[in-house]
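Following: one structure in structure tokens, then a few remarks.
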Amino acid sequence: LILNVLVIIAIVYSNMMRKHSPVYILSFATLVNDLLMIALHLGYFAPSCALQHWLIPSDFTASGRKILDALLMISWYHGTLSHIVIAINRFVIVVFDKFACFKRRQVVGIAFAQVIASIFLACMTQFIFPCCRLSLTYEFFTYTYLEISAEPNYSNMFDLPLNTIASLTPLFAYSTV
């Protein structure tokens, strides 16, 4: 947590995002996302595990839990998309040195699109699909799908392909480089 904050401060105060490689924009967005994930875990999940009960009432429909779970999923999807984008960025910059798709303006657009896509995917999997939503669960010290109905898990329509792409893209990009 402290190291992430120090790196964010260094990036902001040294103007690295403006003066240097646009990869710092992607790094900055990833670090801010990591801070959100750490805050969710340290502020909510860890105390729930330690106390062995929810800090927010365990009623499944409680708004507070839904909001925290949605924030978790937004952060999760953003992190997953970041793996893909940064791997592609490093591959393109190293292999096609002068390729223009990762200039500052395009990278800002990509970072913004990542946030929008993360929010969209989280809303789809947490609120739109009828089956279930992912939630932090202190009983198992992990995340679990909380079933809402007997419907199939439609969230896997997004999660499985996205996780596969997030694994294979860096594998290909970094082994090629």
Practice problem: Using ring-ring contact (aromatic ring centres under 6.0 Å, His included) as the criterion, list what pairs up with His41, not counting sequence neighbours. | Solution: Phe45, Tyr143

Self-check item: For Phe120, ring-ring contact (aromatic ring centres under 6.0 Å, His included) partners two or more places apart
Solution: none

Quiz item: Counting only heavy atoms not in Ile116, do more than 12 fall under 6.0 Å of its CD1?
Solution: yes

Quiz item: Got a donor-acceptor contact below 3.5 angstrom from the Gln52 side chain to the Cys49 backbone?
Solution: yes

Exercise. Could you walk me through whether Tyr77 and Gln114 pass the side chain to side chain contact (heavy atoms under 4.5 Å, CB included) test, one step at a time?
Key: CA-CA 9 Å; Tyr77 284 124; Gln114 268 184 260; over 6 Å; no

Path from [X] to [Y] over hydrophobic side-chain contacts below 4.5 Å:
X	Y	result
Leu40	Leu81	yes
Met124	Leu72	yes
Ile74	Phe127	no
Val32	Phe112	no
Val108	Val92	yes

Practice problem: Could you pull out all residues at least two apart from Leu168 that satisfy side chain to side chain contact (heavy atoms under 4.5 Å, CB included)? | Solution: Thr164, Leu171

Self-check item: side chain to side chain contact (heavy atoms under 4.5 Å, CB included) between Val85 and Val107, intermediate numbers included
Solution: CA-CA 10 Å; Val85 170; Val107 170; over 6 Å; no

Write down the atom of [X], the atom of [Y], and the distance for their closest heavy-atom approach.
X	Y	result
Leu36	Leu71	CD2-O, 4.1 Å
Thr169	Ile84	CG2-O, 4.0 Å
Ala87	Pro170	CB-CA, 3.6 Å

Quiz item: Is there a side-chain contact between Leu26 and Pro22 (heavy atoms, below 4.5 Å)?
Solution: no

Quiz prompt | For Thr30, all residues meeting side chain to side chain donor-acceptor pair (under 3.5 Å), sequence neighbours excluded | solution = Ser82

Self-check item: Counterpart residues, side chain to side chain donor-acceptor pair (under 3.5 Å), relative to Ser75 (two or more places apart)
Solution: Asn33

Quiz prompt | Near-ring test Phe91/Tyr174, centroid separation under 6.0 angstrom | solution = no

Practice problem: To the nearest 0.5 angstrom, please state how far the CD1 atom of Ile86 sits from the CD1 atom of Ile93. | Solution: 12.5 Å

Quiz prompt | Reported NE2-to-CG distance for the pair His83 and Asn163, which is rounded to 0.5 angstrom | solution = 10.0 Å

Exercise. Could you walk me through whether Leu121 and Met73 pass side chain to side chain contact (heavy atoms under 4.5 Å, CB included), step by step?
Key: CA-CA 8 Å; Leu121 289 169; Met73 288 309 296; over 6 Å; no

Exercise. For the pair Tyr44 and Asp69, evaluate side-chain hydrogen bond (donor to acceptor under 3.5 Å, both in side chains) and give the outcome as yes or no after the intermediate values.
Key: CA-CA 11 Å; Tyr44 177 66; Asp69 291 341; 5.9 Å; no

Self-check item: Contacts of type salt bridge (Lys or Arg N to Asp or Glu O under 4.0 Å), residue Asp34, not counting sequence neighbours
Solution: none

